[in-house]
Amino acid sequence: MKKYFLTLFLILMAAGIANAGIQTNKANRALGQTSLTSKLTGSAITQMNKPEYLLVDNERDKVYVSDTMNNRVLWWNTIDSFNNGTSADGYLGNVSTGTAAAAYKLFQPRGLSIDKDGNLWVADSGYNRVVRFNAPLTNGASAQIVLGQDNFIQANYEVNQNSTRKPYAVAVDTTTEIVWVCDTNSHRILKFHGTLSNGMNATLFIGQATPNAGNANGNATLGQVKANSLNLPSDIVVDVSSNIWVADSGNHRILRFDAPSSGGAAELADLVIGATNFVLGNPNLGQGTNGCTADSLYTPLGLYIDTQENSLWVADSMNNRVLGYDLTNATNSISAAAVFGQKDYTSRLGGVGAEKFDYCSDLAFDKSANLWVADKNNSRVVRYDYMKIRSVTPDRARVGTQKDVTIIGEGMPEDATILLLKEGEESIISSSTTITNESEAACTFDFTNAAKGKWDIGISYNDYAEGLAEGFEVFGLTVSQATPNSAFNGQVKYVELTGDGFLDGTLVAFSKSGQNNLVVSTPTVVSETSLTCTIDLAGAATGWWNITVTSGTETSTLTDGFFVGTSTHSFKNISLFGYTVLSILNSSVEATIYIPTGTFRSQVGLAMYLPEAIPPVSQSEFIATPAAVEILADSSAQATDEFTLTLKYAESLIGYLDKTKLVICYYDVNRARWIQIPSVSYPELNTVVGKMKHLSIFCVMQRSPERNLSNMIVFPNPYKPDSGTAYDNPALGYGVVFSGMTSRVRIKIFTISGELVRDVEDTDGDGMYFWDTKNSDNYEVASGVYIYIVTNLDNSSDKVKGKLAIVR
């Protein structure tokens, strides 16, 4: 029933059973009534008339209720989404049933059960039968299986192997698919097993010596109570060990039969609750209305087994209460460990309201550990909310502050304590807590010197606690990004800083070693995560600057958070012992190159310009944009490793182009062609980042597919990796490029002898595929001549066949 628990909280008080999370002993909401003080009867879809049994289907998130005197079963599709008087989502049966039985009718339905396929079983007591409605249910549907009658139009009763007389309950063991039936007025339990068919015989019976006996306690005259007798059994549940538990209501006791297999007089109960022995069968241990105690019962009707918590729950109807028993080391006549509907174990008067029942007849728990009770004479089903926290607003606060927090939950008592817990830290207890309606609380936390990070937030009451693991965050001052993060010297720039923990009065500094700090004016805190300011770059040195924010006693620095460059060109001698950054910027393009240590083996100076003109684009697979930069060296030194180029473009330069398909290309002067470099587009940042070793003109372009394969090329061909020639690796990396293709192609590569090496479909729409010269098993292919066949997937007649060579 319980699904999670805060590991740092206290677990369960001495009573030791799962209901400890239900703290108020007051129902929180009702079906069938508009309030918890109303007990009107009716037949509208929002009303009930003496509902006796209910079923919570946690797997399918549904609640079913036997609206007994309205001759129908109602259901609600979502367990949590209802308030007082919420309309049912569906029904079976008909209020004006009449006397003639039919497959679509119900007459005083009672017990309910769900099988593994989601079919609903109903103990249709007034028609002396048990029926099955197949899933999915629809309003007014007809049953498909009937037990206890030969067909759907009979409603008579006898006492034999295939009949039932006012059955009150049905339980389907979802593991074994056995159907158990409380044949109530025949004072016996029936077992149906095997292929189901209408009117089939029971395979085992309990509570009577023979299949044709049906007297109370096996003897109408003496009425002797025994371990193998029953008197008006009203409910049956099956536990995980296939034991059956029976509410022997006429004997005012609960019996457990250990995995019954014999049946008849030989089947003896092995445990009794509500009586001191197996031969006592009087109300409240023989004391009637005066003997209500924690170990007594008076007409127990409904049962529920909580297998996770190893507990048994009983609707003790005539005592107007629900009892819970801890089954750990259970012995005969154990005492209840929990009670609902009464203030203590000796009170038994019924009534209406949030704290009372009037002849409660059944119960269940849902997957959130809420308790549901069929309160028959109040014509309602009530729910007790398990104490829990569902949401916290806000769910974070900065260290050193105080924060008002709103908690949304369920079942929260007025005097509960709300607190924060973190392993290794002292708990933070709310300085003021106001719980208004058991589902909402307002509280205040003081985070002076609180540890940063995630905290558990919970609610504690009566030595019990529940909550949300890591439901609250305490954070500090951070600065993570500047937008924009570059400008050219001489500008006055408006900058937004993003981070966390910004408070009014936060100070900002832009610093660089050996330089005076930039002048920062009008720092304005927009929110805890946003701050704006204006910086004056008059005389500012080019290069990276650190950004430092200070608020109270906290300081956070974003190293190399802002770059200052020149407006149209930049020149720098490349360091052989450290990284180098060059950047240029104008109103349309911002270009930055980052050169790691050791990229050049000899001294070289690099110049970066915005070119006056861009060489023409002769390849149809590329569409050029005006976003371009030229990088030149002042010597013949060559880069031995890749360096990074970042091109940020103005929105106006892109027009109708698809940002997701933007790449960076360099211009190969010798071949008068544009060659793509390995690059990644970041559309949301208007930025493309690429890797290259060449020095040339670089331009942001969109790759476009061809209409057919007539202009397809494969390069380099031959491919001679690391040869230092024009047939070396292309800028895309180690491999061969198939370019100028249509948007969707299939590429097959064979050895010269016809053995298939690689078979791929390229459908990303850019008309280019990069083959890493590996086969289908991810091994590099050997030197040799290979045949390729490229087929247009949208026009199978459009094909290109050719040869390529690999020389290693």
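The shown structure was predicted, so the numbers you read here are calculated from the model rather than taken from an experiment.
- Under 4.0 Å is where a charged nitrogen must lie from a carboxylate oxygen, and between Asp61 and Lys367 at least one such pair does.
- Residues Asn28 and Glu410 have side chains that never bring a donor and an acceptor to within less than 3.5 angstrom of each other.
- Nearest heavy-atom pair across Asp57 and Ile79 is O-CD1, 4.2 Å.
- Ion pairing between a basic and an acidic side chain is recognised when a charged N comes within 4.0 Å of a carboxylate O; Glu554 and Arg398 show such pairing.
- Between Tyr594 and Thr646, the closest side-chain pair of non-hydrogen atoms is not below 4.5 Å.
- The side chain to side chain donor-acceptor pair (under 3.5 Å) check on Thr401 picks up nothing, with sequence neighbours excluded.
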**OP:** Decide side-chain contact (heavy atoms from CB on, under 4.5 Å) for Ile407 and Met412; before the verdict, give the C-alpha distance in whole Å, the side-chain angles of both, and the deciding distance to 0.1 Å.
**Re:** CA-CA 10 Å; Ile407 309 292; Met412 299 186 292; 4.2 Å; yes
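- Contact check for Leu662 versus Ile654: side-chain heavy atoms found under the 4.5 Å cut-off.
- Annotation: side chain of Leu531 is in contact with side chain of Val508 (closest heavy-atom distance under 4.5 Å).
- For the residue pair Ser480/Thr478, the side-chain donor-acceptor check at 3.5 Å is not satisfied.
- For the pairing with Phe562, the ring-ring contact (aromatic ring centres under 6.0 Å, His included) check across Trp545, Trp544, Phe510 returns one residue only, Phe510.
- With a 4.5 Å cut-off on side-chain heavy atoms, Met692 and Ile631 count as touching.
- For the salt bridge (charged side-chain N to carboxylate O under 4.0 Å, His left out) condition, the pairs that include at least one residue of residues 498-507, sequence neighbours left out, are Arg396-Asp500.
- A 4.5 Å side-chain heavy-atom check between Tyr609 and Ile584 finds every atom pair outside the cut-off.
- Glu496 and Ser530 share a donor-acceptor pair across their side chains, judged by distance under 3.5 Å alone.
- Val492 places a side-chain heavy atom less than 4.5 Å from the side chain of Asp536.
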Original post:
Does the side-chain contact (heavy atoms from CB on, under 4.5 Å) test come out yes or no for Phe643 and Thr580, once each step is laid out?
Top reply: CA-CA 10 Å; Phe643 51 98; Thr580 306; over 6 Å; no
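- Salt-bridge annotation for Lys388 and Glu466: absent, with no side-chain N of the basic residue lying under 4.0 Å from a carboxylate O of the acidic one.
- Between the side chains of Trp372 and Asn370, no donor-acceptor pair is found at a separation under 3.5 Å.
- At a cut-off of 3.5 Å, with distance as the only test, a side-chain donor of Lys691 or Thr644 sits close to an acceptor on the other residue.
- Judged by distance alone, the side chains of Asp404 and Thr444 do bring a donor and an acceptor atom under 3.5 Å apart.
- In this structure, the side chains of Asp366 and Arg383 come closer than 4.5 Å at one or more pairs of heavy atoms.
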Subject >> Verdict with reasoning, Thr498 to Thr529, per side-chain hydrogen bond (donor to acceptor under 3.5 Å, both in side chains) >> reply: CA-CA 5 Å; Thr498 54; Thr529 60; over 6 Å; no
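- The pair Glu651-Lys659 meets the salt-bridge criterion, with a side-chain N (NZ, NE, NH1 or NH2) lying under 4.0 Å from an Asp/Glu carboxylate O.
- Here the closest non-hydrogen pair linking Ile459 and Ile389 is N-CD1, 3.9 Å.
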